[in-house]
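This report concerns only the one structure given below.
Quantities reported herein were computed from a predicted structural model and do not represent experimental measurements.
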Amino acid sequence: MEYNHIEIEKKWQKYWAENHTYAASNDSSLPKYYVLDMFPYPSGAGLHVGHPLGYIASDIYARYRRHTGYNVLHPMGYDAFGLPAEQYAIQTGQHPAITTEENIARYRSQLDKIGLSFDWDREVRTCMPDYYHWTQWIFIQLYNSYYDCDENRAMKIEHLVAKLEKGGSDAAHAACDDDTPYFTAEDWASYDDKKRNEILAKYRLTYLSETEVNWCPGLGTVLANDEVKDGLSERGGFPVVRKKMLQWSMRITAYAQRLLDGLDMIDWSDSIKESQRYWIGRSQGASVWFDVDGTDKKFEIFTTRPDTIFGVTFMTLAPEHPLVREITTPAQKEEVEAYITATSMRSERERMADVTRISGAFTGAYAIHPFTGERIPIYIGDYVLAGYGTGAVMAVPSGDTRDYAFARHFGIDIKPILKDKDISSEAYTAKDGTYIHDFIAGDDYTTATAKVIEKLEGMHRGRGKIQYRLRDAVFSRQRYWGEPFPVYYKDGVPYMLGEDKLPVLLPEVDKYLPTESGEPPLGHAKDWQTEEGYPMELNTMPGWAGSSWYFLRYMDPHNDKEFASSEALNYWQDVDLYIGGSEHATGHLLYARFWHKFLHDMGYVPTEEPFKKLINQGMILGTSAFVYRINGTNTFVSEGKKDAYQTTALHVDVSLVQNHSLDMEGFKAWRPEYATAEFITEDDGRYICGEEVEKMSKSKYNVVNPDYIVENYGADTLRLYEMFLGPLELSKPWKTEGINGVSGFLKKMWKLYFDRDGLCVTDEVPTRDELKSLHRLIKKVREDIESFSYNTSVSAFMIAVNDLKGCHKRAILEPLAVLISPFAPHIAEELWEAMGHEGSITRVEYPTHDEKYLVETSFEYPVMVRGKLRFKAEYDLSMSIEEVEKAIRADERIEKATQGAEIKRVVVVHGKIINLVI
RNA sequence: GCGGGCGUGGUGAAAUUGGUAGACACGCUAGACUUAGGAUCUAGUGCCUUGCGGUGUGAAGGUUCGAGUCCUUUCGCCCGCACCA
């Protein structure tokens, strides 16, 4: 009986679907285990072989946990709001919901073919009203909350109001905007609602504000910092410029410290943790106020090195700093204006690409040194960023490389601060050394820093401060295909709709482009207003809104009273294992932690962190093939001869290439412009293609579709092969050639159970060697699964099946079927059923290994001298180490091995190797 | 520049965490069988050498009875971030 993967896989996929085999219960006495994949955006291109890598890995783990006695939650859904569907809608007029629906159907059918054990009863889609109902609800909770620094958690805004009523702004101790005004309790009492609302907006965890944002004209929307790469939009690659707009923001900065601290509690890779730490960017230092000479103006700077304050020889403001125009002297006005204009013309991209060029301008104004009273020239320079700190720095050329370069360029003094440190050619940035000025003379770094801060505080000129790089996250998008805000406006002031009015449904529009007046697409919607006629918010939420809490919805996906019941949340707690790509390091993975902490503060979720363990699977890359066209002709020259010509390398579809050699007829038929192609081949008549490993993408014609693999080799082969390819976390190129190895393995395994006539499993008693093979496999595979070393597990299966060739014994083959089932579930079910069992193998207990089968009776010890193998000797394992030693000394080969040297010590390593120390 | 990671055959990779380097698989070579197939099976395959043997984990040192693994220096590659004061 042949192994027929097509029938077997179809049969069991149907069985699993009909029996809801993988449905998880919210009410179980078993311990819970939550295995989550990062849900995909269903793009039009469908899946390629790289996508399922993480899904297969998590599926193996989920299946293993079911076997070992856990109630496993393993759900899947779709991050369904997003730009491509909207772009498609703009071009074709087809509603994004239809595009999305089609893409989801395609994804689902592809996923089903791989045999993944998802609980599809719990599927979520972020674009469905019953889901975004709760995204809107969370938004309202954030709006009605503030971050209390005394309690160190988010609280209801009413608490803040009570405090403000009692003690004015000084009583607040809350995370707030920098420009939050000072006011007394009496002031507060005298304010009207509008004024109070304006003030509360400065405390709320989501708030409307005029912010400088990353505006992408090509996409017609704003982007978050993590959606901008090198000054271009991540999606589409359009230029991005800075622009001021009225936007909703999320006060994620309030959680900066807790987001940092939480990293120590979770099992994530160092690289992701470091990325998040860097993104949050905590730096400890001081803020100092400097007066502008001859005026009543002053400005604040932030420095991490208050100890260097005696080395300040100039100040630098960002060109965009509001004070620049006020303090510039008439004589310098022209130069400064020219510089500001030049800077604003340079795109973000240019500015970043060109970090070594020093530029700036003198404002003509001077600041006063708080300790010495010296006049310090104030410059502007684009190396100071408006968006970080206060957009102003005190420049200490002797202690900072950038200040040093700037000082050199403009001929400014470089004043030493440390004793005997050479600053003649570069800044001395290390923190060792002894200070030479004033009240810190003779002090070291720590003392000097403390003294300077203390003195500044005493003078009310500054204070110790912790600065974060993290910015509040912009939450408005000028798009159609996203969650509408539950917000309306009255006299220009935003108000939340009542929770009973949720969900606010996304209205129909006749055009998906911005309106003529530049309003977002929702400006086209008819009657987009409340019952009372107040206008609704026209922006929609960004992509990360829906993905910041979807893992909670899976716990209780059909609840229409709450986002999830507290019973469900308390049972499932958090995600035990999260598998996904590392590209979300500073986006999704940070936002989700932020929302989760907020929901925790408000008492809705029991855990502080959402994802206990995170594994980042590597990317599967494509191997692109190239042909070389001689410029200006339709003649293609083979790899080996291309250097003799001026050629252009062109991608060619990998399916036309086999073993580097091009199917020339197929190539001519591939695209009309190549129909008349001519070839200069190698001497053997073959056309050899160039090769390069790149990301899989349609435009590079290097995509391998999993459907093709599933049809030709089977889902079980695909699963095994993807795991066999290499360590899960590494990126690696896809090579279809190697797949015969695992495919052959499955056929061999099949033959253990079936011969030509059918099932051939017997009830014979297994031999000791057979049991040893089996138990070694059980041990190895269990250890591998728990450490996600799936590639070596697959090898272990191959070895075992080779060892067990010709063994048709039930006592061996039954546990073997269970062992393979997480990896190759279809064939495992088939074997299990053939052996006369009812029901799915999923419910079968995972075998445990018995050490007694692994213990050797005798062992061939390698005998080593000076780390080199000298001879092998067989000894009985019942011998004690002393007896072994005696036997070795008596061995006749010892003479040659030690060349007569005295044996000082006999070391037995791991009971396996004998090392003679001479 | 900073952060994370990596460097082992022709290729993807293993190595019990300091203990016989190259498991397993691809590829390649030879052979068997054959109703000629991109099937199956057998043997071989790090490098040098006819052989004995020698040598070998990017390079150079060090610690150790023993180093792919630990330490120092150095070279190279990949990923992420990038004027953050």
Legend entry - Integer angstrom distance from the C1' of B:rA43 to that of B:rC33: 15 Å
Legend entry - Pairwise P distance, B:rC26 and B:rG19 [rounded to whole Å]: 29 Å
Legend entry - Phosphate OP1/OP2 of B:rC26: any A:Asn791 side-chain N/O under 4.0 Å: no
Inset, instruction - Describe the nucleic acid contact of A:Ser271 in one word from base, sugar-phosphate, nothing, applying a heavy-atom distance below 4.0 Å. - result: sugar-phosphate
Legend entry - Whole-Å distance separating the CD atom of A:Glu729 from the P atom of B:rG80: 17 Å
Legend entry - Selection from B:rA85, B:rA14, B:rG4 that lies nearest to any side-chain heavy atom of A:Glu274: B:rG4
Inset, instruction - Indicate syn or anti for B:rU17, taking the glycosidic torsion and treating anything within 90° of 0 as syn. - result: syn
Legend entry - Glycosidic class, syn or anti, of B:rG61 using a 90° window around 0: anti
Legend entry - Nucleotide paired to B:rU50 in any strand shown, Watson-Crick or G-U, under 3.5 Å: none
Inset, instruction - Could you pull out all residues at least two apart from A:Lys465 that satisfy salt bridge (Lys or Arg N to Asp or Glu O under 4.0 Å)? - result: none
Legend entry - Nearest heavy-atom neighbours spanning A:Tyr278 and A:Arg469: O-NE, 3.4 Å
Inset, instruction - Between A:Lys805 and A:Asp400, just flag the one whose closest nucleotide in RNA chain B comes earlier from the 5' side. - result: A:Lys805
Inset, instruction - Pick the C1' atom in B:rG38 and in B:rU45, then give their distance to the nearest Å. - result: 22 Å
Inset, instruction - Quickly work out the A:Glu722 CD to B:rA13 P distance and round it to whole Å. - result: 14 Å
Legend entry - Euclidean distance, atom NZ of residue A:Lys747 to atom P of B:rG38 [Å, nearest integer]: 14 Å
Legend entry - Closest to side chain of A:Ser275, choosing from B:rA82, B:rC84, B:rG80: B:rG80
Legend entry - Separation between the P atoms of B:rU17 and B:rG1, rounded to whole Å: 38 Å
Legend entry - Integer-rounded Å distance: B:rC78 P and A:Met619 CE: 14 Å
Legend entry - N/O (side chain, A:Tyr388) to phosphate O (OP1/OP2, B:rA85) under 4.0 Å: yes
Legend entry - Span that lies between the P atom of B:rG68 and that of B:rU8, in whole angstrom: 15 Å
Inset, instruction - Grab the CD1-P distance between A:Ile272 and B:rG3 for me, whole Å please. - result: 18 Å
Legend entry - Closest non-hydrogen atom pair, A:Gly311 against A:Pro397: O-CD, 3.8 Å
Inset, instruction - In sequence, state the C-alpha distance, the side-chain angles, and the governing distance for A:Phe314 and A:Phe406, and then conclude on ring-ring contact (aromatic ring centres under 6.0 Å, His included). - result: CA-CA 10 Å; A:Phe314 63 100; A:Phe406 195 91; 5.2 Å; yes
Inset, instruction - Output the single nucleotide from B:rC84, B:rA25, B:rG4 whose closest atom is nearest the side chain of A:Asp270. - result: B:rG4
Legend entry - Phosphate OP1/OP2 of B:rG5 contacted by A:Ser269 side-chain N/O (<4.0 Å): no
Inset, instruction - Check the distance between B:rC77's P and A:Lys732's NZ and give it to me in whole angstrom. - result: 23 Å
Legend entry - Mate of B:rA43 where both pairing distances stay under 3.5 Å, Watson-Crick or G-U: B:rU29
Legend entry - Nucleotide nearest A:Tyr278 when distance is taken to its side chain, options B:rC81, B:rC84, B:rG3: B:rC81
Inset, instruction - Take the protein atom CG of A:Leu263 and the nucleotide atom P of B:rG3, then report the distance between them rounded to whole Å. - result: 18 Å
Inset, instruction - Taking atom P in both B:rC2 and B:rU74, compute the distance separating them and give it to the nearest angstrom. - result: 13 Å
Legend entry - Distance between C1' atoms of B:rG9 and B:rG80 (Å, rounded): 31 Å
Legend entry - Who pairs with B:rC70 - Watson-Crick or G-U, where each distance is under 3.5 Å: B:rG62
Legend entry - Heavy-atom closest contact (A:Gly464 atom, A:Ile453 atom, distance): N-CG2, 3.6 Å
Inset, instruction - Would you classify A:Lys748 as touching base, sugar-phosphate or nothing, given that sugar-phosphate means primed atoms plus P, OP1 and OP2, and contacts are heavy atoms under 4.0 Å? - result: sugar-phosphate
Inset, instruction - Taking the side chain as every heavy atom from C-beta outward, state whether A:Lys780 and A:Ile799 have any pair of such atoms under 4.5 Å apart. - result: no
Legend entry - Which residues share a side chain to side chain contact (heavy atoms under 4.5 Å, CB included) with A:Ala800, sequence neighbours left out: A:Leu777
Inset, instruction - Both distances under 3.5 Å, Watson-Crick or G-U wobble: report the partner of B:rG7, or none. - result: B:rC75
Legend entry - 5' precedence on RNA chain B between A:Phe302 and A:Pro727 (nearest-nucleotide basis): A:Pro727
Inset, instruction - Looking at every strand, decide which applies to A:Leu730 at a 4.0 Å heavy-atom threshold: base, sugar-phosphate, or nothing. - result: sugar-phosphate
Legend entry - Watson-Crick or G-U wobble mate for B:rG80, both contacts under 3.5 Å: B:rC2
Inset, instruction - Check every strand shown and say whether A:Phe724 touches a base, only sugar-phosphate, or nothing at a heavy-atom separation below 4.0 Å. - result: base
Inset, instruction - Determine which nucleotide pairs with B:rA23, using a 3.5 Å limit on both distances of a Watson-Crick or G-U wobble pair. - result: none
Inset, instruction - State, with a plain yes or no, whether a side-chain heavy atom of A:Leu656 is found less than 4.5 Å away from one of A:Leu662. - result: yes
Inset, instruction - May I have the distance from A:Lys735 (atom NZ) to B:rG10 (atom P), rounded to whole angstrom? - result: 16 Å
Inset, instruction - For B:rU63 versus B:rU72, give the span between their P atoms, rounded off to a whole number of Å. - result: 15 Å
